Each structure stands twice: as C-alpha cells, then as structure tokens.
Amino acid sequence: MNDRRTLADRIRREQRLWRDLVGEVGRARMNEPGPMGTWTFKDLVSHLAAWRNRTLARLEAAASGQAEPPAPWPAPLQDDDSINAWIRERDLGRSLDDVLADYDRSFDRLAAVVAALPDEALVAPGRFTWMGDVPLVDAPLFGHLHDEHEPAIRAWLSSRAVKTG
C-alpha cells in the first residue's frame with residue numbers, strides 16, 4: 001500500500017532529522033537548562049519519549065487486537081502540565097544515553113507498528129479515537145516536536161552560538 005510506504009518513509013526521514021538535531025545540540029549541552037525554560041535537552045527528550053511511548057502502546061495494542069492500555073502516569077493526573085512534571089520527575093535519574101536511546105528506538109517501534117497494522121487502520125478516519133477524525137497516515141506524529149519545541153531549541157542553540165562566537 002502506497003500510504004504505508006509513504007508513512008514509513010516519513011518516519012525514517014523524521015528519525016534522520018532527529019539524529020541531526022541531537023548532533024547539533026551535542027552531548028556537552030544536553031544537561032544545560034534552556035531549551036524549555038529550566039528544562040534541559042535531556043528533560044525535553046524524556047518528555048518526547050514518554051508521550052511517544054504512550055502513542056506507541058496504544059498503536060501496538062491495536063495491532064495485536066488488545067484493549068487500549070492505561071496511561072503510564074497516575075490516573076489522577078489529567079492535564080498536560082501535571083503529566084509533564086510527573087514525567088520529568090520520574091526520569092531525572094535516568095542516564096542521558098538511556099533517554100536518547102529510548103526516543104531513538106521509538107522511531108523503530110513506530111515503523112514496526114505501521115507495518116503490523118492492517119491497511120484499514122492506517123487510512124480510516126476516526127479509527128483511533130484519541131486522534132479524532134485524522135487517519136494515522138495523516139496524523140501529525142512529529143508536529144509536537146517541530147511546532148512546540150524545535151523553534152525554542154533552535155533559538156537556544158543560536159543564543160549560545162552568539163555568546164560564544
């Protein structure tokens with residue numbers, strides 16, 4: 001199916017873009033505050049991985065015919081700010097390598113689940129209720145990074161370059 005191939009190509013392109021961004025940040029800066037206020041790049045990666053892993057768990061359950069799993073955060077947490085704070089606190093002690101590998105692996109998991117889902121699940125609007133009426137092939141799977149975080153990361157990188165340049 002062309003939609004499946006297009007989505008798989010999009011996932012691999014996004015993984016390359018992600019790896020390029022990680023390279024631009026560089027290991028030496030990943031624990032510096034700045035890309036999200038007091039949050040470090042490592043904190044940001046942890047945040048991205050947690051939300052991606054939530055999506056993946058839902059898709060993987062659908063691919064294997066299982067019920068949607070519960071969210072990994074405590075049920076009383078309902079708003080994004082509380083959930084994000086919980087994720088950050090949970091992952092503070094994780095190593096940088098573990099956090100980076102977790103998010104990088106998420107692209108492979110996403111490609112695998114896209115390959116495992118039936119064609120209908122990829123193109124049917126409303127197939128995944130938590131995506132609204134958007135079919136998976138058209139879902140903004142990478143929009144959160146690009147729209148919400150990448151501009152701040154780029155500004156952070158630029159401001160540092162100006163100070164040291």
Side-chain angles (χ1 to χ4, degrees), residues 1-25 35-36 39 41-91 94-154:
M1 169 181 228
N2 189 34
D3 290 325
R4 184 182 311 280
R5 185 175 28 253
T6 300
L7 183 52
D9 290 346
R10 194 168 119 218
I11 293 165
R12 292 301 170 210
R13 185 175 54 252
E14 287 293 337
Q15 188 174 35
R16 285 189 302 275
L17 290 171
W18 170 253
R19 289 174 175 172
D20 290 346
L21 181 61
V22 168
E24 285 180 58
V25 171
M36 271 179 64
W39 283 32
F41 188 77
K42 177 191 166 208
D43 294 332
L44 172 63
V45 177
S46 169
H47 157 82
L48 293 171
W51 286 99
R52 170 76 56 78
N53 288 335
R54 168 72 167 132
T55 297
L56 287 166
R58 290 168 149 177
L59 292 172
E60 289 164 346
S64 63
Q66 297 175 2
E68 183 177 320
W73 41 82
L77 299 180
Q78 296 295 316
D79 66 282
D80 289 349
D81 289 340
S82 297
I83 294 167
N84 290 336
W86 180 87
I87 292 166
R88 184 177 186 223
E89 184 64 30
R90 178 197 68 180
D91 290 351
R94 288 177 70 192
S95 73
L96 174 60
D97 288 336
D98 184 45
V99 171
L100 288 171
D102 186 20
Y103 192 64
D104 195 68
R105 262 190 318 271
S106 75
F107 291 94
D108 300 330
R109 286 177 61 201
L110 185 56
V113 78
V114 164
L117 285 165
D119 291 345
E120 173 276 329
L122 299 175
V123 298
R127 170 62 174 82
F128 302 104
T129 57
W130 42 273
M131 288 184 170
D133 287 333
V134 178
L136 182 59
V137 296
D138 296 328
L141 298 168
F142 311 101
H144 184 71
L145 168 63
H146 295 308
D147 300 339
E148 299 290 324
H149 298 300
E150 190 173 4
I153 294 167
R154 298 252 175 240

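This one's a predicted model, so the numbers in the text were calculated from it and none came from an experiment.
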Can you list the residues that meet the side chain to side chain donor-acceptor pair (under 3.5 Å) rule with Asp79, with sequence neighbours excluded? Ser82
Sequence-distant partners of Trp51, side chain to side chain donor-acceptor pair (under 3.5 Å), two or more places apart: Asn84
Out of curiosity, Phe41 CZ to Leu96 CG, how far, rounded to the nearest 0.5 Å? 9.0 Å
Suppose we screen for salt bridge (Lys or Arg N to Asp or Glu O under 4.0 Å). Which residues come up paired with Asp147, at least two apart in sequence or across chains? none
What distance separates Leu44 CG from Glu148 CD, expressed to the nearest 0.5 Å? 11.0 Å
Taking salt bridge (Lys or Arg N to Asp or Glu O under 4.0 Å) as the test, write out the residues that go with Arg154, two or more places apart. Glu24, Glu150
Quick check with a 6.0 Å cut-off and a 45 degree axis cone: is Arg52 positioned over the face of Phe107's six-membered ring? yes
Residues forming a side chain to side chain contact (heavy atoms under 4.5 Å, CB included) with Asn53, sequence neighbours excluded: Ala49, Leu56, Asp102, Ser106, Arg109
Taking only distance into account, with no hydrogens and no angle test, what donor-acceptor pairs under 3.5 Å do side-chain atoms of residues 67-74 form with protein atoms, sequence neighbours excluded?
from	atom 1	to	atom 2	distance (Å)
Glu68	OE2	Arg58	NE	2.9
Glu68	OE2	Arg58	NH2	3.2

Qualifying residues under side chain to side chain contact (heavy atoms under 4.5 Å, CB included), relative to Gln66, sequence neighbours excluded: Ala61, Ser64
CD1 of Ile87 to CG of Asp43, rounded to nearest 0.5 Å, is 11.0 Å
With rounding to the nearest 0.5 angstrom, report the CG to CG distance, Asp91 to Asp98. 8.5 Å
Do Arg4 side-chain atoms and Leu117 backbone N/O form a donor-acceptor pair below 3.5 Å? yes
Roughly how far apart are Gln15 CD and Tyr103 OH, rounded to 0.5 Å? 10.0 Å
What residues form a salt bridge (Lys or Arg N to Asp or Glu O under 4.0 Å) with Asp9, not counting sequence neighbours? none
Counterpart residues, side chain to side chain contact (heavy atoms under 4.5 Å, CB included), relative to Ala8 (two or more places apart): none
List for me each residue that meets side chain to side chain donor-acceptor pair (under 3.5 Å) alongside Asp80, sequence neighbours excluded, and say none if there are none. none
With sequence neighbours left out, what residues match Arg13 under salt bridge (Lys or Arg N to Asp or Glu O under 4.0 Å)? none
When the side chains of residues 128-144 are checked against the rest of the protein, which donor-acceptor pairs come out under 3.5 Å, sequence neighbours left out?
from	atom 1	to	atom 2	distance (Å)
His144	NE2	His47	NE2	3.0
His144	NE2	His149	NE2	2.8

From Leu17 CG over to Arg12 CZ, what is the distance, rounded to the nearest 0.5 angstrom? 13.0 Å
